[in-house]
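Naming: A, B, ... by sequence-line order, numbering from 1 per chain.
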Amino acid sequence: IVLWNSMIAGYVLSEQCVKAVELFHQMQWEGMKPDKYSLGSILGACICPEYLNYGKQVHTHTIKSGVDSILSVNNALVTMYARCGSIDNAKLVLEEMAERNVVSWTALIGGYVLHKHDEEALKVFCQMQRTGMKPNDITFASVLRACGNLAALENGKQVLAQIFKIGVDTNVCVCNALVRMYAQCGSIGDARKVFRNASERDLGTWNAMISGCAQHGHGKEGLYLFEKMLSVGVKPD
RNA sequence: CUUCAAUUCGUGCU
């Protein structure tokens with residue numbers, strides 16, 4: 001079973017979903033019963049709208065297999081529905097979960113952001129905090145994206161206060177999201193400040209700052225930064 | 001020993 005699960009996970013990871021599903025069927029044909037790992041993995045192959053119906057079948061399968069109370073399986077279900085654009089179902093699964101963790105909430109928030117329901121994303125973020133669940137760097141990255149999309153600078157600043165409180169302000173993903181959020185809000189100066197003070201800069205940091213400049217009429221600065229990026233050995237994509 | 005969430009352009013019938 002571990003071998004089957006590893007193979008399925010490998011295909012999902014390399015985005016060969018059809019192969020993953022084939023293996024999932026083949027293992028059952030050969031008498032194996034999919035467990036929480038197999039089901040969790042195969043849900044990861046159903047994360048686009050075309051596969052929503054298949055994802056629903058897998059959902060039924062998790063119930064029949066009795067793994068529907070397992071946290072990681074439910075998290076995978078939330079993700080599946082959220083990425084397929086069936087966010088109401090994602091929310092329903094989350095609401096009915098007996099146990100939730102930061103992944104559960106972040107998956108739902110990410111779904112709202114992905115489908116441009118940014119106000120709703122912020123609402124869910126507040127709801128999450130009301131339950132006492134502590135957000136992490138990944139949660140903040142999504143929430144900041146929502147703030148950027150809404151050009152909601154005030155919300156963004158409130159979120160920043162939380163980021164400091166939780167102590168993820170030096171996280172590179174959080175910094176990248178902050179740069180983008182400020183740029184989207186038209187606060188290029190704040191974006192620059194975050195960029196300058198970043199303790200670590202990856203390709204994403206440079207991209208966020210350069211596109212921020214490009215979109216706000218700072219073309220020269222963008223080009224300058226691009227050269228600078230090359231000179232410190234970061235390869236453009 | 002194998003599963004679950006995230007950030008940085010665009011994805012535009014000019």
remark   = Taken in chain and number order and not counting sequence neighbours, the residues that satisfy ring pair (Phe, Tyr, Trp, His ring centres under 6.0 Å) with A/Tyr112 are none
key: Residues in salt bridge (Lys or Arg N to Asp or Glu O under 4.0 Å) contact with A/Lys19, at least two apart in sequence or another chain   = none
Return a table of donor-acceptor pairs under 3.5 angstrom between the side chains of residues 227-237 of chain A and protein atoms on other chains or two or more places apart.
{"unit_1": "A/Ser231", "atom_1": "OG", "unit_2": "A/Lys228", "atom_2": "O", "d": "2.7"}
{"unit_1": "A/Asp237", "atom_1": "OD1", "unit_2": "A/Asn207", "atom_2": "ND2", "d": "3.4"}

Would you indicate what [X] reaches in the nucleic acid, counting non-hydrogen atoms under 4.0 angstrom: base, sugar-phosphate, or nothing?
| X | value |
| --- | --- |
| A/Asn101 | nothing |
| A/Thr106 | base |
| A/Ser142 | sugar-phosphate |

query = Counting heavy atoms not belonging to A/Gln26, are there more than 12 under 6.0 Å from its CD?
reply = yes
Listed once per pair and sorted, the salt bridge (charged side-chain N to carboxylate O under 4.0 Å, His left out) pairs that draw on residues 120-145 of chain A, sequence neighbours left out = A/Glu120-A/Lys123
Where chain A begins and ends its contact with RNA chain B, read 5' to 3' at 4.0 Å from heavy atoms = B/rC1 to B/rC9
ask   = What ring-ring contact (aromatic ring centres under 6.0 Å, His included) pairs are there with at least one residue in residues 190-216 of chain A, not counting sequence neighbours?
value = A/Phe195-A/Trp206
Enumerate donor-acceptor pairs with a distance under 3.5 Å from any side-chain N or O in residues 74-82 of chain A to protein atoms, sequence neighbours excluded.
{"unit_1": "A/Asn74", "atom_1": "ND2", "unit_2": "A/Asp68", "atom_2": "O", "d": "2.9"}
{"unit_1": "A/Asn74", "atom_1": "ND2", "unit_2": "A/Ile70", "atom_2": "O", "d": "3.4"}
{"unit_1": "A/Asn75", "atom_1": "OD1", "unit_2": "A/Ser104", "atom_2": "OG", "d": "2.6"}
{"unit_1": "A/Asn75", "atom_1": "ND2", "unit_2": "A/Asn101", "atom_2": "OD1", "d": "3.2"}
{"unit_1": "A/Thr79", "atom_1": "OG1", "unit_2": "A/Asn75", "atom_2": "O", "d": "2.9"}
{"unit_1": "A/Tyr81", "atom_1": "OH", "unit_2": "A/His59", "atom_2": "ND1", "d": "2.7"}

request  = Considering only Ile, Leu, Val, Met, Phe, Trp and Tyr, and joining two whenever side-chain heavy atoms are under 4.5 Å apart, list the other residues clustered with A/Val18.
outcome  = A/Tyr51
ask   = Can you name the side chain to side chain donor-acceptor pair (under 3.5 Å) partners of A/Gln16, sequence neighbours left out?
value = A/Ser14
task = May I ask you to list the residues of residues 77-98 of chain A, by number, that have any heavy atom positioned under 4.0 Å from an atom of RNA chain B?
result = A/Thr79, A/Arg83
Sub-4.0 Å heavy-atom contacts from residues 30-42 of chain A onto RNA chain B, ordered by number = A/Lys36, A/Tyr37, A/Gly40, A/Ser41
ask   = Applying side-chain hydrogen bond (donor to acceptor under 3.5 Å, both in side chains), which residue pairs with at least one partner in residues 187-199 of chain A are found, sequence neighbours left out?
value = A/Arg192-A/Glu221
